[in-house]
Amino acid sequence: MSTSIESVLHETRVFPPPAAFVAQANVSGQAAYQALLDEADRDPNGFWGRLARENLQWTKPFTQVLDESNPPFYKWFGDGELNVSANCLDVNLVNGNADKIAIIFEADGGEVVKVTYRQLHERVCKFANALKSLGYKVGDRAIIYLPMSIEAVVAMQACARLGVIHSVVFGGFSSKSLHERITDVGASLVITADAQMRGGKAIALKPAVDEALGMGGCEAVRHSIVYRRTGGEVAWDAKRDLWMHEIAEKQSADCPPVPVNAEHPLFILYTSGSTGKPKGVQHSSGGYLLWAKLTMQWTFDAKPSDIFWCTADVGWVTGHSYITYGPLAAGMTQVVFEGVPTYPDAGRFWKMIQDHKVTTFYTAPTAIRSLIKASDANAAHHPKSFDLSSLRLLGSVGEPINPEAWMWYHINVGGERCPIVDTWWQTETGGHMITPLPGVTPLKPGSCTTRLPGITAAIVDETGGDVEAGHGGFLVIKRPWPSMIRTIWGDPDRYQKSYFPSELRGYYLAGDGAQCDADGCFWIMGRIDDVLNVSGHRLGTMEVESALVAHELVAEAAVVGRPDATTGEAVVAFVVLKRSRPEGDEAIAIGKQLRDWVAKEIGPIAKPKEIRFGENLPKTRSGKIMRRLLRVVAKGEEVTQDVSTLENPAILDQLSKPV
Ligand code: WT7
């Protein structure tokens, strides 16, 4: 558990919701929130059933809300049928939104393309028809490896329209990670692009797909459909490769949505766990979409006049729930951005908010912290140099936000008038779980505050007993909720063991340590497992260790996290080579080689910030690596713990020094 967060527990500032915001909020005032909480706690099935009927269009109404006959394999609205794409697009053609802008796309280089709901619907239908003509149907799996684009939203929505289960792989992942996901999910289709533009540079994507498909085990993949983003040269396999625009243009703009069971998997999204193998988190259609839409209305106070902007990539769950599905289901206009916050300069976000008159802005603490630094260095990139008066609400996601960054965001971006919703949730939860409601909750910098109605979040000890306020414990969710993970694809056993350990009375174990204060506000203290959070991205230490030991020079490796002022946590790797311990320039050269190797094996996000070489690793007499000691030396701190169980205490000295 990271200790850097302990300082926030002394945070005492409280910011009540601004009266002007409360007056117009979808959930307005404490009494309205309390009424929803009470309704959900008194009669959960009645509560969820009412919301599902009111917020989604069902082609076959459900008669049972929750089936808990086989815990933890819960079913929600299990005999109902609907189509997710129809609930995001078709509904907006008949409710007055047809000519409303659905997406304002801004490319890396600044070009802007806008599509209305009618146009988006047409593009999704044409692409879905193309997939259908190639024989793809309900239950097939498609890997999507695309840049941030309208095409990415179209591809995901087209899959949903046919009941094809998508699994989006973030464009920063390597061919090897891609291969692992293609084979694990059993994909028969890959949708990719020639390249992506980031920070003015074209980064090829298709070669990684070609490489992955050549690694073996991908024989089920029949087509690789390519979005032409840059028009650069690409290798082409005429039997397998198809241009996205070519196959879509000749199709009809009418594609009836395929009704699927509410429990039909909408998508599988891989995330890191405490073993080396990423977990394929399986989400449902009905329960998932319900929560994506409702949290737009509750947490983001969605209004018809809003311009919403979530800066996440569709390769992460945030981009699924708060780009591809939630905002469209809520009929909003949203900005989709291809590029990076620092190109052409660090004023990019603020300029885009100004240009597109963004009202609701949702980003990660890492981005905020790096932009604080950049605007300190150059006043022209400071938010105060832009007109941000359109903003009315700010959000934060992915990692704890430190109070200093919170205050800076509040003052300089929000002009001290915009509430900040610090949303705690996970790939597995599908949508927000613990978050302020902007028209209800007094805000505390660094706290994600209180649970949403229907979400039974609590802090418990190792036997599942409630922990009192002011004491740390495990963050759990006591009762199932509609947008929860359904299983780990192909590994129901791991699902049960990872999230519902028997000692915890059937509660969902989030994997975070946290505590509640006397007002019932939650403070997240960091992961309790071997998972790191680097720039809001989840990374398993074992994944990085496996990548390192796969290198021919490496005998052994141990990876830990170290608090980092910008990225939240940074990866530090302790490595023992098969040959003698390198020093000086040689250590620097091998360190670089290993860092590049990890980037190639997993992706650049997994690159260790620092590698330290030792003749050995600190081990107990039974051979167990003592990671808790490594965490101490990684921080540059003196080891004050008892090291009497250590086989080789002298090794700590050697590992204390950076190369
Ligand atoms: C882990 C989940 C939430 C979608 C993006 C990340 C950490 C997430 C917060 C927050 C403190 C947070 C937790 C969680 N986390 N949001 N507001 N405050 N910590 O999804 O990759 O599944 O990671 O991110 O540790 O368990 P993810």
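Only a predicted model underlies this, so the values are computations on that prediction, with no experimental measurement involved. As the structure lists them, so they are numbered: ligands from 1, and atoms in each ligand from 1.
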(request) Look at the aromatic rings of Phe173 and Phe170 and report parallel, tilted or perpendicular, splitting at 30° and 60°. (result)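 Aromatic pair Phe173/Phe170 classed perpendicular.
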
(message) Ring-plane angle category for Phe337 and Phe349, please: parallel below 30°, perpendicular beyond 60°, tilted otherwise.
(response)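 Perpendicular: the ring planes of Phe337 and Phe349 meet at over 60°.
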
Taking atom types as modelled and ignoring hydrogens, do the side chains of [X] and [Y] form a donor-acceptor contact shorter than 3.5 angstrom?
X      : Y      : answer
Ser285 : His264 : no
Lys373 : Thr566 : yes
Thr435 : Thr423 : no

Give the atoms of ligand 1, by number and element, whose distance to some non-hydrogen atom of [X] is under 4.0 Å.
X      : result
Thr318 : 4 (C), 5 (C)
Thr427 : 20 (O), 21 (O), 22 (O), 27 (P)
Asn533 : 7 (C), 24 (O)
Ile524 : 11 (C), 19 (N)
Val317 : 4 (C)
Val397 : 3 (C), 4 (C)

(request) For ligand 1, find out whether one of its N or O atoms is nearer than 3.5 Å to an N or O atom of Thr271. (result)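 In fact, backbone or side chain, Thr271 has no N or O that close.
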
(request) Report yes if Ser396 has an N/O atom closer than 3.5 Å to an N/O atom of ligand 1; otherwise report no. (result)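 Such a contact does not occur with ligand 1.
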
Can you report which non-hydrogen protein atom sits closest to [atom], along with the distance?
atom                    : answer
atom 7 (C) of ligand 1  : Gly398 O, 3.4 Å
atom 13 (C) of ligand 1 : Asp512 OD2, 2.9 Å
atom 2 (C) of ligand 1  : Trp425 O, 3.7 Å
atom 21 (O) of ligand 1 : Arg538 CD, 3.4 Å

(request) Over all heavy atoms of both residues, which pair between Gly464 and Tyr507 is shortest? Give the atoms and the distance, please. (result)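 The answer is O-CE1, 3.5 Å.
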
(message) Has Glu338 got a side-chain atom pairing as donor or acceptor with Asp108's backbone, closer than 3.5 angstrom?
(response)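 Flag set: sc Glu338 to bb Asp108 pair under 3.5 Å.
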
